[in-house]
Amino acid sequence: MRIRVLGSAAGGGFPQWNCGCPNCRGLRAGTIRAKARRQESVAVSADGRSWLLLNASPEIREQIESFPGLHPQAPRHSPISGIVLTNGDLDHTLGLLSLRESYPLTVFATDRVRRGFTEENVFYRTLERFTDQVTWRPLKLGREEDLATGLTLEAVPVPGKPPIHLEGSFAPDAEDNVGVRIRETRSGTVLAYFSGVGGVSPAVAQALADATAVFFDGTFWSEDELPALGVGDKRARDMAHAPLGGPHGSLAALGTLSASRRILIHINNTNPLLREDSAERAHVTARGWEVAYDGMEVSL
Ligand SMILES: [Zn+2]
């Protein structure tokens with residue numbers, strides 16, 4: 001299995017257009033050791049010819065261009081065989097609207113996420129220009145589905161919430177937010193991809209336990225990261241992201257994992273992990289965790 005990181009940042013990217021936090025300022029000024037990052041999206045393939053995209057970020061056009069594996073092989077063609085939406089957040093779904101140039105798409109999402117994107121959304125009409133422009137494939141929790149591309153896909157419920165723009169419209173539901181397990185049928189290799197985790201539930205812990213590689217929510221280091229920097233009043237868990245650090249953080253809750261690669265992704269621009277010489281980076285590195293960066297490739 002080949003995994004290519006197209007974007008490793010949380011919503012807003014790094015730097016974020018309206019952010020003057022120390023990380024974003026330092027990156028622009030070239031005074032910190034850190035790399036710019038696009039918003040989270042990852043491509044996965046068993047054969048190197050057809051690719052499954054995990055999430056469709058607002059930067060999808062540049063992300064496709066950044067990786068030759070996703071370039072067309074014919075006058076009208078795309079190696080993207082499907083797109084998985086792990087929740088309805090705009091940083092995970094907005095890119096779909098940019099893929100409007102009359103080409104059939106297959107999108108895997110829970111019923112809740114599909115409804116949140118398609119209902120009462122006038123812009124969705126751009127993906128209804130011809131019959132079957134988008135084929136929605138329902139993600140049913142706990143059901144492993146053969147994608148016929150050498151991969152299987154299984155969605156796992158993860159503590160989360162509806163996207164901000166649907167808060168109040170939809171009551172919270174177990175299908176709001178999922179992680180996925182992707183298994184290569186030939187080798188049995190399993191990728192566990194959990195980029196938005198509001199808490200390490202027993203289902204999350206079980207889904208990671210036997211994975212060959214784990215991608216995990218690295219959004220925030222601490223619960224009060226945004227208020228402490230004066231860039232917001234929400235705490236990490238208010239945004240359905242368990243912070244990594246501290247005795248009650250997700251790293252402590254995960255304990256030891258058997259995965260040969262353990263990689264943090266969906267990193268918010270305020271997170272001290274982004275600074276390559278920070279104490280927090282040294283802390284996770286010493287525990288066998290890597291920090292995803294754009295262009296990172298993993299072969300399992
Ligand atoms: Zn910032």
Side-chain angles (χ1 to χ4, degrees), residues 5-42 54-63 66 86-95 98 160-161 163-165 167 177 194-199 215-246 248-251 263-285 289-296:
V5 176
L6 305 171
S8 51
F14 179 46
Q16 178 178 313
W17 70 280
N18 62 345
C19 192
C21 79
N23 278 356
C24 289
R25 277 204 321 270
L27 185 72
R28 293 188 188 101
T31 54
I32 62 169
R33 277 186 53 194
K35 294 183 183 73
R37 283 168 166 83
R38 289 180 175 135
Q39 294 163 90
E40 178 220 321
S41 180
V42 165
L54 307 182
N55 290 322
S57 101
E59 296 164 288
I60 194 165
R61 197 194 72 82
E62 294 92 334
Q63 290 173 319
S66 76
T86 60
N87 63 31
D89 289 349
L90 283 184
D91 57 309
H92 288 161
T93 60
L94 207 49
S98 295
K161 64 172 188 60
I164 293 173
H165 59 279
E167 282 178 9
N177 190 47
F194 286 70
S195 62
V197 178
F215 279 71
F216 194 81
D217 183 345
T219 311
F220 296 114
W221 182 259
S222 53
E223 184 70 80
D224 64 348
E225 195 164 303
L226 299 184
L229 291 166
V231 295
D233 52 11
K234 286 186 177 171
R235 294 164 63 81
R237 284 190 174 86
D238 296 338
M239 302 169 78
H241 294 289
L244 290 166
H248 305 295
S250 52
L251 289 179
I263 299 168
L264 298 169
I265 195 165
H266 194 270
I267 303 153
N268 199 58
N269 56 75
T270 50
N271 193 325
L273 274 186
L274 289 169
R275 295 198 304 274
E276 291 157 18
D277 52 2
S278 66
E280 292 82 358
R281 175 69 76 96
H283 179 92
V284 302
T285 303
W289 286 89
E290 302 170 70
V291 178
Y293 54 89
D294 298 9
M296 182 184 204

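Note that these values count all heavy atoms, side chains included, but never hydrogens, waters or copies made by symmetry. Because the structure is a prediction, the values reported are computed rather than measured. All ligand and atom numbering here is 1-based and tracks the order in the structure.
Residues D294 and S8 have side chains that bring a donor and an acceptor to within less than 3.5 angstrom of each other. At a cut-off of 3.5 Å, with distance as the only test, a side-chain donor of Q16 or N269 sits close to an acceptor on the other residue.
Residues forming a salt bridge (Lys or Arg N to Asp or Glu O under 4.0 Å) with R237 (at least two apart in sequence, or on another chain): E223. H266 meets the ring-ring contact (aromatic ring centres under 6.0 Å, His included) test with H92, H241; sequence neighbours excluded. For H283, the ring-ring contact (aromatic ring centres under 6.0 Å, His included) partners at least two apart in sequence or on another chain are W221.
Around the Zn ion (ligand 1), the protein atoms of type N, O or S found under 2.8 Å away are C19 SG, C21 SG, C24 SG, N269 OD1, listed by chain and number.
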- Item | Residues E280, R275; criterion salt bridge (Lys or Arg N to Asp or Glu O under 4.0 Å); working and verdict | CA-CA 9 Å; E280 292 82 358; R275 295 198 304 274; 5.1 Å; no

